[in-house]
Amino acid sequence: MSELILATHNLSKSFGALKATDDVSINLRAGEIHALIGPNGAGKSTLIAQISGGLRPDAGRVMLMGRDVTQYGTATRARAGLGRTFQISALAMEDSVLENVLLGALGAEGRPWRFWSRATADAEMRARAMTALERVGLADDHDKRTAELSHGQRRQLEVAVALTLSPRAFLMDEPMAGLGAGGSKRLTGFLDGLREEAPILLVEHDMDAVFALADRISVLASGRVIATGTVAEIRADRAVRTAYLGEDA
Amino acid sequence: MIPERLVNLAILAGLAGVALWALAVDTPFTITLATRAAILALAAVGLNIALGIGGLVSLGHAVFFGLGGYAMGILAYHAQTYTTLDLGPLSVTGSKSMPLIWLVAVVASALAALLIGLLSLRTSGVYFIMITLAFGQMFYYFAISWGTYGGEDGLSIYVRNGFPGLNTLDPIQFFGLCFALLCLALLVYARLRAAPFGLALNAARQVPARVETVGLSPLRLKLVAFVISGAITGLAGALFADLNRFVSPTMFSWQLSGELIVLIVIGGVGRLMGPVIGACLFVLLEHWLGALTAFWHIWLGVILLGIVLFARGGIVGLLTGKAGPHV
């Protein structure tokens with residue numbers, strides 16, 4: 001079995017009487033895409049927040065590369081190798097496309113404390129940023145203001161920023177959100193090749209993408225993982241059909 | 001529309017030109033007005049780092065302005081009265097040397113900004129505004145009750161402090177000094193804005209969540225920005241006290257904090273020269289309208305309203321044809 005990159009152990013989080021995350025143990029191995037699906041309100045966002053560091057679990061642990069990162073904040077987890085993309089693009093809209101990826105590059109190098117040199121003139125950082133833009137096909141638009149990008153381009157830029165971090169694991173929250181069929185297909189192709197570089201924990205509603213990409217799928221319902229398995233196994237699972245695919249068993 | 005570079009140059013040349021013209025026609029009072037504008041601009045350039053780039057609406061920047069003022073006042077007071085300043089086991093003499101006074105003003109303001117920032121940056125939005133305001137009021141009332149240094153009446157310093165090689169009592173030479181410091185602060189602002197730090201800070205204002213996910217701490221970025229910002233405003237405070245040869249608790253007043261914000265908004269938030277054109281306009285209005293009516297702030301309010309409603313980019317935004325702030 002390949003190396004374990006990211007794992008949660010018995011993660012639990014409640015808001016009042018609501019168990020948003022209930023004893024969740026999932027993991028991500030080198031080279032795979034592990035899709036996390038579930039109906040609205042299943043607790044996907046809460047789980048993502050606990051893995052990325054925005055929310056502390058009530059119980060359980062989050063392990064990254066064999067290290068317990070449960071007590072770390074978002075920034076520390078990012079430095080430890082977690083590359084995250086957002087469901088709703090979190091980009092500096094006033095800045096240029098290049099500046100957004102440069103932010104990733106300077107985060108990756110951990111050197112924001114430079115007050116006198118031009119950020120855009122740093123050859124190393126610029127190369128790292130431009131490489132990421134080229135990979136998602138935005139290199140020609142690097143001078144554009146981010147607010148001028150189309151929705152689809154913003155989704156691409158969102159991925160590009162994560163790429164600049166050269167993370168050990170990707171955590172992608174609905175990267176296909178709002179993309180048309182064409183854009184969705186292109187991004188699916190890109191993510192397909194990305195898994196060799198770093199495994200992806202993929203939260204996604206686009207079932208075509210999930211079935212095309214996932215090595216494994218975990219299904220979340222009411223805060224619990226009700227099934228984990230290959231695409232074929234999940235498609236055949238009765239509990240999943242009831243809870244998620246909306247069929248009477 | 002006019003390129004921003006040209007607008008910037010014209011604003012600086014205009015300010016220097018007014019002072020030189022006043023020298024030529026021998027109206028020293030106009031030079032004093034230009035000096036006042038340069039010093040307020042310097043204070044606002046400092047605030048613009050926190051407010052413009054970092055998005056930190058500090059309603060307590062008068063703390064740093066006042067600290068700079070009192071750094072000058074206290075040191076010069078001990079020098080003019082030939083008394084020593086006792087700081088616990090340490091006993092120091094006062095000073096009439098501007099470089100030394102500036103150093104003390106900058107260090108004191110930076111330290112205060114560090115402490116205030118550490119406490120207030122844990123909050124955001126309206127709470128941040130209120131906490132910074134509260135700190136401002138604390139310093140204000142402390143200064144009022146501090147009888148040693150004049151309390152409510154303030155401190156008069158009889159002779160302007162000295163700068164090596166210059167006669168600071170000559171209005172144009174003192175203006176030159178203030179103008180040079182303003183230019184230096186503008187250079188610092190411009191370099192810092194384009195540097196990796198400015199890029200990260202600017203992103204922390206827009207999307208703090210993103211900054212965290214690339215492994216940086218928005219809080220630390222904003223704290224450092226707040227300290228640099230406070231230090232520059234503190235330096236302006238020392239100059240302001242020297243201009244008036246007087247320091248009083250009003251330098252700590254929340255009205256002053258508010259005016260600094262207002263003149264940045266009028267000039268253009270997050271723009272290099274926004275604070276400068278804003279300060280020039282402020283001093284002009286204060287002088288001309290102030291002579292006509294004691295309620296000249298009404299007209300300032302009308303201008304502010306117009307800017308906020310119709311020209312969010314401020315005067316610089318209007319001249320350069322850019323609609324919003326920052327961009």
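All heavy atoms count here, side chains included; hydrogens, waters and symmetry mates do not. Here is how names work: the chains are called A, B, and so on, in the same order as the sequence lines, proteins then strands, and each is numbered from 1.
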What one should report as the nearest heavy-atom pair of B:R205 and A:E94 is NH2-OE1, 2.8 Å

Most chain B-contacting option - heavy-atom pairs closer than 4.5 Å, from A:V161, A:L82, A:T76:
A:V161

Flag if over 12 foreign heavy atoms under 6.0 Å of CG, B:L119
yes

Do side-chain atoms of A:E99 reach the backbone of B:L199 as a donor and acceptor pair under 3.5 angstrom?
no

Select one option (side chain, backbone, both, neither) describing which atoms of A:L171 are under 4.5 Å from chain B's heavy atoms.
neither

B:R191 atom CZ, over 12 foreign heavy atoms within 6.0 Å
yes

Heavy-atom distance under 4.5 Å to chain A: side chain of B:V188, backbone, both or neither?
both

Using non-hydrogen atoms only, which part of B:L201 is less than 4.5 Å away from chain A: side chain, backbone, both, or neither?
neither

Are A:L103 and B:L216 close enough, and set up right, to give a side-chain contact (heavy atoms from CB on, under 4.5 Å), and what steps lead you there?
CA-CA 9 Å; A:L103 176 69; B:L216 303 174; 4.2 Å; yes

Neighbours of chain B found in residues 107-118 of chain A - heavy atoms under 4.5 Å
A:G107, A:A108, A:R111, A:P112, A:W113, A:R114, A:F115, A:W116, A:S117, A:R118

Charged N-O contact under 4.0 Å between A:R77 and B:E212
no

Taking the side chain as every heavy atom from C-beta outward, state whether B:V207 and A:L91 have any pair of such atoms under 4.5 Å apart.
no

Can you confirm whether A:R216 is buried at CZ, in the sense that more than 12 heavy atoms of other residues, nucleotides or ligands lie under 6.0 Å from that atom?
yes

Who in residues 50-57 of chain A is close to chain B, using a strict under-4.5 Å heavy-atom cut-off?
none

